[in-house]
Number of protein chains: 2
Amino acid sequence: MESKIFQEFLSRRGLKLTKERMSVLRQIFSIHGHFDPEHLYLSIRDSDMKASRASVYRTLNLLVESGLVERITRSDKGNVYEHTYGHRHHDHMICTACGEVIEFFSEHLEDLQKMICEQHQFAGTTHTLEIRGNCKACQKRKK
Amino acid sequence: MESKIFQEFLSRRGLKLTKERMSVLRQIFSIHGHFDPEHLYLSIRDSDMKASRASVYRTLNLLVESGLVERITRSDKGNVYEHTYGHRHHDHMICTACGEVIEFFSEHLEDLQKMICEQHQFAGTTHTLEIRGNCKACQKRKK
DNA sequence: TTAGGTGCAAATCCTTTGCAGCTCC
DNA sequence: GGAGCTGCAAAGGATTTGCACCTAA
């Protein structure tokens, strides 16, 4: 399914669906969580597929443009992505102690943001809400 | 006031309040909005104060740790900061066309986040909400 | 006095690019 | 056939660091 969407996205722009791009796409959609370019590259390299680091980066940018993948954070160590297709939009809580990422979604939160955008006559297209703090486990550990 | 707070922060860590650090601090608090390291460095250089690029970066990191300054975004072109002292917490809308940054605050939004944290038994300490899209002016321009 | 700071230039790190040969449509 | 790809290695750009010389406390 994802590949069909990507396919369409590419041909709309006169681009080609190559083996390498397929490898990147497949690998991403076989990962269930978040990933960074380097790990993605390594996991492709360790599989039976192939794609150079350059292609991984290039494809990742295309996937973000196509809307199939989202860049969720830019940290010191580079960008973190996740695939979007088949996922409802959601936000993240990030534990600063153990790095755990908790996903959550709130309809109410979405509505509120829409209202705020209207008030400011801002045409919002995407948003990122990141709540940092400590997860349940780390709170206990600190006591 | 800020300098007193910074002073205390530094001595608590056995660090010194140097001319260069003061220059960075002063310059930041004379800017009312957002800034990036390079512009900060240039504006210091053009004033009667001084500090090398290295000191600007080093001081910026200290200021973030002290809580006087916040890193609000990491973009392709580097980080963007703003000073926090004397500012109420707020979030940002960022125009992807012209780069304009609009600040907003919603008590309701804050409360909602608190509730969500409680639901997940997550101890939130800070958050960043970034809404991307187009500002009023850019919406017109596109028509 | 002396731990800590400074500027400079070199080093890092992630990401992008130029190029020559390859391949999808 | 040819526009668009690929991998490689080199280039980029923001930020950090090693070092020899300063300076706040």
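Computation of the quantities below employed the complete heavy-atom set of this structure, encompassing side-chain atoms and omitting hydrogens, waters and symmetry-equivalent molecules.
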Requested in this report: Mind checking Asp36(B) for me? I need base, sugar-phosphate or nothing, with any heavy atom below 4.0 Å counting as a touch.
Outcome: nothing

Query raised in the report: Touch check for Arg58(A), heavy atoms < 4.0 angstrom, all strands: base, sugar-phosphate only, or nothing?
Result: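 Base contact.
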
Requested in this report: Between Leu15(B) and Arg53(B), just flag the one whose closest nucleotide in DNA chain D comes earlier from the 5' side.
Outcome: Arg53(B)

Report summary line: Comparing nearest nucleotides in DNA chain D, the 5'-proximal residue of the pair Lys77(B), Leu62(A) is Leu62(A)

Report summary line: His83(B) and Ile31(B) have their tightest heavy-atom pair at CE1-O, 3.2 Å

Requested in this report: Of all the heavy-atom pairs spanning Val56(B) and Pro37(B), show the shortest one and how long it is.
Outcome: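 Looks like CG1-O, 4.0 Å.
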
What is the distance, to the nearest angstrom, from the [atom1] atom on [X] to the [atom2] atom on [N]?
{"X": "Met22(A)", "N": "dC24(C)", "atom1": "CE", "atom2": "P", "answer": "13 Å"}
{"X": "Leu10(B)", "N": "dA24(D)", "atom1": "CG", "atom2": "P", "answer": "14 Å"}
{"X": "Asn61(B)", "N": "dG5(C)", "atom1": "CG", "atom2": "C1'", "answer": "15 Å"}
{"X": "Lys19(A)", "N": "dC25(C)", "atom1": "NZ", "atom2": "C1'", "answer": "13 Å"}
{"X": "Tyr41(A)", "N": "dT15(C)", "atom1": "OH", "atom2": "P", "answer": "14 Å"}
{"X": "Gln7(A)", "N": "dG4(D)", "atom1": "CD", "atom2": "P", "answer": "16 Å"}
{"X": "Leu40(B)", "N": "dT15(D)", "atom1": "CG", "atom2": "C1'", "answer": "14 Å"}
{"X": "Leu63(B)", "N": "dT15(D)", "atom1": "CG", "atom2": "P", "answer": "15 Å"}

Query raised in the report: Taking only side-chain nitrogens and oxygens of Tyr57(B), does any of them come within less than 4.0 Å of OP1 or OP2 of dT16(D)?
Result: no

Among [options], which nucleotide has an atom closest to any side-chain atom of [X]?
{"X": "Lys16(A)", "options": "dT15(D), dC24(C), dT15(C)", "value": "dC24(C)"}
{"X": "Leu17(A)", "options": "dC8(D), dC25(C), dG5(C)", "value": "dC25(C)"}
{"X": "Ala51(B)", "options": "dG7(C), dG7(D), dC5(D)", "value": "dG7(C)"}
{"X": "Asn79(A)", "options": "dT15(C), dG7(D), dT15(D)", "value": "dT15(C)"}
{"X": "Ser55(B)", "options": "dT6(D), dA24(D), dT6(C)", "value": "dT6(C)"}

Requested in this report: Could you walk me through whether Glu82(A) and Arg71(A) pass salt bridge (Lys or Arg N to Asp or Glu O under 4.0 Å), step by step?
Outcome: CA-CA 7 Å; Glu82(A) 74 181 2; Arg71(A) 185 181 293 129; over 6 Å; no

Query raised in the report: How about His34(A) and His39(A): are their ring centres within less than 6.0 Å of each other?
Result: no

Query raised in the report: According to the interplanar angle, ranging from 0 to 90°, do the rings of Phe35(A) and Tyr81(A) count as parallel (below 30°), tilted (30 to 60°) or perpendicular (above 60°)?
Result: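 Correct class here is parallel.
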
